Amino acid sequence: MKGPTGMAISGANDQRVTEKRQTDMEPIAIRVHEACRYLGIGRSTLYVLIGEGEIEFIKLGNSTLVLTQSLRSLVERRRFFTATEY
């Protein structure tokens, strides 16, 4: 069966699924301002966490990139549980 563009409908659906997967991919590293927004903290707090070794980063040229896995790990390590979740 063909859609209005003449492309097979199943092919069009497959293409949309592939495009969605590509846009849903999380970046490996993000810039400092994005990391701050991601965690809801200020730049100075982020740099303190980097200095304490809590967050991993890389330097590419003049850019500081924060590893997103490191941000997720920080949240998991510092997460509080309620008494009912123990």
Side-chain angles (χ1 to χ4, degrees):
M1 183 175 186
K2 294 189 178 196
T5 61
M7 184 179 208
I9 290 178
S10 64
N13 288 339
D14 291 342
Q15 183 179 2
R16 274 190 232 111
V17 169
T18 301
E19 288 172 2
K20 181 158 178 57
R21 280 189 204 130
Q22 289 173 351
T23 58
D24 285 348
M25 287 179 30
E26 184 176 55
I28 295 170
I30 57 178
R31 293 184 178 270
V32 168
H33 73 277
E34 294 168 323
C36 291
R37 195 168 358 133
Y38 185 86
L39 292 176
I41 61 175
R43 289 174 62 90
S44 59
T45 302
L46 182 73
Y47 280 113
V48 167
L49 292 168
I50 287 172
E52 292 174 346
E54 293 279 340
I55 295 176
E56 297 175 283
F57 71 98
I58 59 171
K59 290 291 284 183
L60 282 178
N62 291 330
S63 297
T64 300
L65 300 175
V66 179
L67 303 179
T68 52
Q69 179 60 46
S70 181
L71 298 175
R72 283 194 307 278
S73 296
L74 173 75
V75 170
E76 286 301 314
R77 285 192 310 273
R78 298 219 176 169
R79 186 175 165 190
F80 288 101
F81 295 96
T82 63
T84 60
E85 291 179 302
Y86 285 113

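On a predicted model such as this, the values are computed, not experimentally measured, just so you know. Position 1 is the first residue of the sequence, and the numbers go up from there. We use all heavy atoms of the structure for the numbers below, so side chains are in, but hydrogens, waters and symmetry mates are not.
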Value rounded to 0.5 Å, distance of CD1 in Ile55 from CG in Leu39
5.5 Å

Just verifying a value: how many Å separate Arg43 CZ and Ile50 CD1, rounded to the nearest 0.5 Å?
9.5 Å

So, using salt bridge (Lys or Arg N to Asp or Glu O under 4.0 Å) as the criterion, who are the partners of Glu54 when residues are at least two apart?
Arg77, Arg78

Name each donor-acceptor pair under 3.5 Å that joins a side chain in residues 57-76 to protein atoms two or more places apart or in another chain, with its distance.
residue: Lys59; atom: NZ; partner: Thr64; partner atom: OG1; Å: 3.0
residue: Ser63; atom: OG; partner: Arg31; partner atom: NH1; Å: 3.2
residue: Thr68; atom: OG1; partner: Pro27; partner atom: O; Å: 2.7
residue: Thr68; atom: OG1; partner: Ile28; partner atom: O; Å: 3.1
residue: Gln69; atom: OE1; partner: Arg72; partner atom: NH2; Å: 2.5
residue: Gln69; atom: NE2; partner: Ser73; partner atom: OG; Å: 3.3
residue: Ser70; atom: OG; partner: Glu56; partner atom: N; Å: 2.7
residue: Arg72; atom: NH1; partner: Glu26; partner atom: OE1; Å: 2.2
residue: Arg72; atom: NH1; partner: Glu26; partner atom: OE2; Å: 3.3
residue: Ser73; atom: OG; partner: Gln69; partner atom: O; Å: 3.0

